[in-house]
Amino acid sequence: MTVPIAKLSFWGVRGSTPTVDPATWRYGGNTPCLELMAPDGTQFILDCGTGLRMLGSRWAAPNGGRSQETHILVTHYHWDHIQGIPFFSPLYVENNEFHFYSFRSKFLGRDSLKQVFEAQMALPYFPVDMSAMNAKRKFKEVDGGDSFEVGENKITARWLNHPQGCLGFRIETPAGTVAYATDNEPGDAKLDQSLRELAAGADIFINDAQFTPEQLATTRKGWGHSSWLEGAKLARQAEAKTLVLFHHDPDSTDRMVDSILRQAREEFDSVFAASEGMVVTLGAPGDRVQAHMPGTRTTLRREAQFHAKVCGVTEGGKDFEEETIVRDISLQGALISLKHLPRLQSELQVTMEAPGADGVQAMNLRGYVVRIDAGAEKGLVAVGVVFTD
Ligand SMILES: [Zn+2]
Ligand SMILES: [Zn+2]
């Protein structure tokens, strides 16, 4: 019997507006879009931010994952959750079929999401109108509290506390449960309870972490967002297994998200900061969840042999220091063999001896763990590092 596996891919993780600031490239600048491939082959897309365009372009590539029918759950109508729609190329292809799920907005009335499509592509906002979209589109209204099934998967929608409303979705697949709770602010007892129910026992709980706890208590109170600390508290209360910090503020640099992640890990054991290109596998044997970060986007990789001292934090949270030889390095990152198993998304200090014009020089680099593979060499793991300065 094969084990059911679900794959969750993060195509956009930034909140409010896309960013192209180089200080945000590591976590990524596209607005919310996630893809969940369920074990039965059902494809779900969660939100239609600018990350949707990237998903669409991969779709067109040969051997890109595709299924005839796709189920798209839209949490609400703020720009950052819908602005990828006109740029999603599979919508222009005749044989594709899309099922959209969203709520009836009191500002839009009947067929809210359909109206959003039309408005986005109305003159003079977009060069072609809706008639250019050849794919079949079906729209279904869902309300907070609704539950329905798609294939072998059960979806539950719940209201979250957010200006003009927002739905959170819980998707139970045979491989595990994902709770997606973007755009929500704590402080409304009834809706806080509904968030706890949404996240109860979830394998992956994705929560809004746009603001710092200080901002949330002062200048950003009432803006409809949450913090890493609220996410960690809720994950504990709901007994969620892994917390994913999501909807990063456009003004949060990678360094700031690193620091948010570090603090969150002191409050809750299993936390990731959502990063563009991150893929989480549910249901893999012997593991609760497995995460993969995007690898180094490198072309200038070369083989070398540098002696290096590496300091970091293990998966178990202990500091370590070890000496190794770096064999595969580029300007952006390196692949390093280690005896210790560092934590994914943790920081590594790499001190290398590099030959220079004036003899051997020590080079200090700070890196970030993006990838861990069981090493080809016995007793070692191959650790992918992206240098951050
Ligand atoms: Zn948003
Ligand atoms: Zn919003």
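Reckoned from all heavy atoms, side chains included, excluding hydrogens, waters and symmetry mates.
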Hey, are W159 and D143 close enough side-chain-wise for a donor-acceptor pair under 3.5 Å? yes
Atom CG of L34 and atom CG of L73: how far apart are they, to the nearest 0.5 Å? 10.5 Å
Test side chain to side chain donor-acceptor pair (under 3.5 Å) on N153 and T173 and set out the steps. CA-CA 5 Å; N153 315 289; T173 81; 4.8 Å; no
Where V74 and C48 come nearest, the two heavy atoms and their spacing: CG2-SG, 4.1 Å
Quick one: does any side-chain atom of N184 pair with a main-chain N or O of L160 as donor and acceptor, under 3.5 Å? no
For T388 and R366, indicate whether the former's side chain and the latter's backbone hold a donor-acceptor pair under 3.5 Å. yes
Scan side-chain atoms only and decide if T24 and T19 contain a donor-acceptor pair under the 3.5 Å cut-off. yes
Check each of I204, L46, L36 against Y180 using the side-chain contact (heavy atoms from CB on, under 4.5 Å) test, and report the only one that passes. L46
Contact summary for G231 and F205, nearest pair of heavy atoms: O-CE2, 3.9 Å
In this structure, CD1 of I85 is separated from CE of M121 (nearest 0.5 Å) by 10.0 Å
Side-chain donor-acceptor contact under 3.5 Å, D80 with S16: no
Residue pair Y77, F107: steps toward the ring-ring contact (aromatic ring centres under 6.0 Å, His included) verdict: CA-CA 10 Å; Y77 307 109; F107 300 95; 9.9 Å; no
Heavy-atom closest contact (A209 atom, L245 atom, distance): CB-CB, 3.8 Å
Looking at CE of M278 and OH of Y27, how far apart are the two atoms once the value is rounded to the nearest 0.5 Å? 10.0 Å
Looking only at atom types and distance, does a side-chain atom of Q115 sit under 3.5 Å from a main-chain N or O of R110, one as donor and one as acceptor? yes
Minimum heavy-atom distance A273-V257, with the two atoms named: CB-CG1, 3.9 Å
Are D254 and W25 packed together at the side-chain level, in the sense that at least one heavy-atom pair is separated by less than 4.5 angstrom? yes
Ring centre gap for F169 and F44 strictly below 6.0 Å: no
For A264 and V271, the nearest pair of non-hydrogen atoms, with its separation, is O-CG2, 3.9 Å
Which value, rounded to the nearest 0.5 Å, describes the distance between D319 atom CG and H340 atom NE2? 10.0 Å
Return yes if some donor-acceptor pair links the side-chain N/O of K241 with the main-chain N/O of G201 below 3.5 Å, else return no. yes
So W59 and T70, side chain to side chain contact (heavy atoms under 4.5 Å, CB included) or not? Walk me through it. CA-CA 12 Å; W59 196 291; T70 304; 3.3 Å; yes
Could you please spell out the steps behind the side chain to side chain contact (heavy atoms under 4.5 Å, CB included) verdict for F10 and V280? CA-CA 9 Å; F10 290 76; V280 176; 4.0 Å; yes
With sequence neighbours left out, the residues meeting side-chain hydrogen bond (donor to acceptor under 3.5 Å, both in side chains) with H78 are H76, H162, Q164
So does G29 get a backbone contact from the side chain of E276, meaning a donor-acceptor N/O pair under 3.5 Å? yes
Take H307 and E323, measure what side chain to side chain contact (heavy atoms under 4.5 Å, CB included) needs, and give me the verdict at the end. CA-CA 7 Å; H307 280 278; E323 309 228 334; 5.8 Å; no
For the side chain of E185 and the backbone of G222, is there at least one donor-acceptor N/O pair under 3.5 Å apart? yes
Distance-only donor-acceptor check, side chains D183 and H81, under 3.5 Å: yes
Nearest heavy-atom contact between P4 and P174 is CG-O, 3.7 Å
For A23, is there any backbone N or O sitting under 3.5 Å from a side-chain donor or acceptor partner on T253? no
Using 0.5 Å steps for rounding, measure from the OG atom of S57 to the CZ atom of F88. 9.5 Å
Do E267 and Q263 get their side chains close enough for a donor-acceptor pair, meaning under 3.5 Å? no
To the nearest 0.5 Å, what is the distance between CZ on R220 and CD on E214? 13.5 Å
Between the side chain of D208 and the main-chain N/O of S226, is any donor-acceptor distance below 3.5 Å? yes
In terms of hydrophobic clustering (I, L, V, M, F, W, Y; side-chain heavy atoms under 4.5 Å; direct or indirect links), are V313 and I336 co-clustered? no
Trace of the side chain to side chain contact (heavy atoms under 4.5 Å, CB included) decision for L229 with L216: CA-CA 10 Å; L229 183 58; L216 187 58; over 6 Å; no
Is D269 salt-bridged to R343, cutoff N-O under 4.0 Å? yes
Side chain R158, main chain R170, donor-acceptor under 3.5 Å: no
Hphob cluster co-occupancy, M363 + F387, side-chain heavy atoms under 4.5 angstrom: yes
No-hydrogen, no-angle side-chain donor-acceptor test under 3.5 Å, T50 and Q83: no
Whether T324 side chain and S337 backbone form a donor-acceptor pair below 3.5 Å: yes
Cluster link L108 to F139, ILVMFWY, side chain under 4.5 Å: yes
